[in-house]
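Reading through the structure tokens given below for one structure.
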Amino acid sequence: MVLASHDGVDARQQRELSRERAVLQTDFGDIHLAFYPTIAPRTVELILALFELGCYNANHFFRVDKGFVAQIADVQNGRQAPMDELQQKWASKTVPLEVHEDVKHDRVGILSLARHDDPNSGGSSFSILLGPAPHLNMQYTIFGQVTKGIETLESLQQVETVTEGIFVMPKTRIHIHSTYVLYSDSSLRCSESVDLVETRLNSTLWSLERLRETSLPGH
């Protein structure tokens, strides 16, 4: 399925998009993500599974470098909620580098997988580009793009930041309160639905309780 200029996709950069849309619900608004399953199949499999399991709930953007990237923390260290056994299993996985010369870090909204020095150490942390970053080409896996929520990215860039080493970080935590996945057929795969719904429900309930405690102290 190749999408043209609708759904927020730049027609000049047509790429095969996933049928799923992952949604991040943040302090500044929602961000909708689509993935590139033919360009980075191993990475998309991991990130989509983490979203389906609710692993990004109660996580945060630990890095906001204006004009460069907004980076989401890895779920093992960034979440404020505990993870169950299935979530921990997927959160510990890594994937190899998946790069192509014609797939570039060339615009706002590109999704780029973070990694350590080992090129094959990509995990759950990833960045959303806030501007072109050609020096990342062929070094980091591009696996998707933002389809809705560019205005949310613009709002993120207005937060106060502090520089710590190579990272430009927000002074206050930018919460990812909850996440969900939209499917083109509006349904979950039946074989996975019960386990996924139970895991996501537990994670979402924890996030809502934390939000209630923060917003309504003493209640």
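Start at 1 with the first residue, then count along the sequence.
Between the side chain of E98 and the backbone N or O of T43, at least one donor-acceptor pair lies under 3.5 Å. Judged by distance alone, with hydrogens and angles left aside, the side-chain atoms of R19 form no donor-acceptor pair with the main-chain N or O of Y183 at under 3.5 Å. Side-chain atoms of S127 never come within 3.5 Å of backbone atoms of Q71 as a donor-acceptor pair (strictly under, hydrogens ignored). Between the side chain of Q25 and the main chain of I176, no donor-acceptor pair closer than 3.5 Å is present. Between the side chain of R63 and the main chain of I72, no donor-acceptor pair closer than 3.5 Å is present. In this structure, D74 contributes its side chain and S125 its backbone to no donor-acceptor pair below 3.5 Å. Side chain of R107 to backbone of I110: no donor-acceptor contact under 3.5 angstrom is found. No donor-acceptor pair closer than 3.5 Å links the side chain of Q157 to the backbone N or O of E154. Checked by atom type and distance alone, the side chain of T152 pairs as donor or acceptor with a backbone atom of D30 at under 3.5 Å.
A continuous path of hydrophobic side-chain contacts links V64 to I150 [ILVMFWY only; heavy atoms under 4.5 Å]. V168 and L136 are assigned to two separate hydrophobic clusters, defined by single-linkage of ILVMFWY side chains at heavy-atom distances under 4.5 Å.
The stretch residues 79-119 participates, sequence neighbours left out, in no ring pair (Phe, Tyr, Trp, His ring centres under 6.0 Å) pair at all. Legend: ring pair (Phe, Tyr, Trp, His ring centres under 6.0 Å) pairs involving residues 126-164, not counting sequence neighbours, sorted by first then second residue: Y56-F126, F68-H135, F126-F143.
Separation of atoms CD1 (I47) and CZ (R42) is listed at 12.5 Å; rounding is to 0.5 Å. In this structure, the separation between NE2 on H60 and OG1 on T26 is 13.5 Å, given to the nearest 0.5 Å. Rounding to the nearest 0.5 Å gives a distance of 7.5 Å between NZ of K171 and OG1 of T161. From F62, atom CZ reaches atom CD1 of I174 across 11.5 Å, with rounding to the nearest 0.5 Å. How far OG of S18 is from CD of Q145: 9.5 Å, rounded to the nearest 0.5 Å. Atom CD of residue E151 and atom CD1 of residue I31 lie 9.0 Å apart, to the nearest 0.5 angstrom.
Residues P134 and K104 are not in side-chain contact: their nearest non-hydrogen atoms beyond the backbone lie 4.5 Å or more apart. Contact of the I128 side chain with the V146 side chain is registered, since non-hydrogen atoms from C-beta on lie closer than 4.5 Å. Looking at T172 and V159, their side chains never come closer than 4.5 Å, going by heavy atoms from C-beta outward. Side chains of F51 and N57 form no contact here, defined as non-hydrogen atoms less than 4.5 Å apart.
Between M138 and V99 the shortest heavy-atom distance is CE-CG2, 3.6 Å. When all heavy atoms of L129 and L153 are compared, the closest pair comes out as O-CD1, 4.3 Å. Summarising the geometry of R115 relative to L97, their closest heavy-atom pair is NE-CD1, 4.5 Å, with the distance given to 0.1 Å. A pairwise comparison of heavy atoms in S124 and L50 identifies CB-CD1, 3.5 Å as the closest pair. Across all non-hydrogen atoms, the minimal contact from V181 to E20 is CG1-CB, 3.9 Å. Taking each heavy atom of L17 and R21 in turn, the nearest pair found is CD1-NH2, 4.0 Å.
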Practice task
In sequence, state the C-alpha distance, the side-chain angles, and the governing distance for L182 and H32, and then conclude on side-chain contact (heavy atoms from CB on, under 4.5 Å).
Solution key: CA-CA 9 Å; L182 298 171; H32 292 234; 4.2 Å; yes
Exercise for the section: Assess whether side-chain contact (heavy atoms from CB on, under 4.5 Å) is satisfied between V23 and L33, documenting all intermediate values. Expected result: CA-CA 6 Å; V23 182; L33 313 177; over 6 Å; no
Handout entry: N59 vs H175, side-chain hydrogen bond (donor to acceptor under 3.5 Å, both in side chains): CA-CA, chis, key distance, verdict
Key = CA-CA 6 Å; N59 201 356; H175 297 89; over 6 Å; no
Exercise for the section: List the steps, then state whether side-chain contact (heavy atoms from CB on, under 4.5 Å) holds for I142 with I39. Expected result: CA-CA 8 Å; I142 293 172; I39 290 173; 5.6 Å; no
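Enclosure of atom NZ in K66 is not indicated, since only 12 or fewer non-hydrogen atoms of other residues, nucleotides or ligands lie within 6.0 angstrom.
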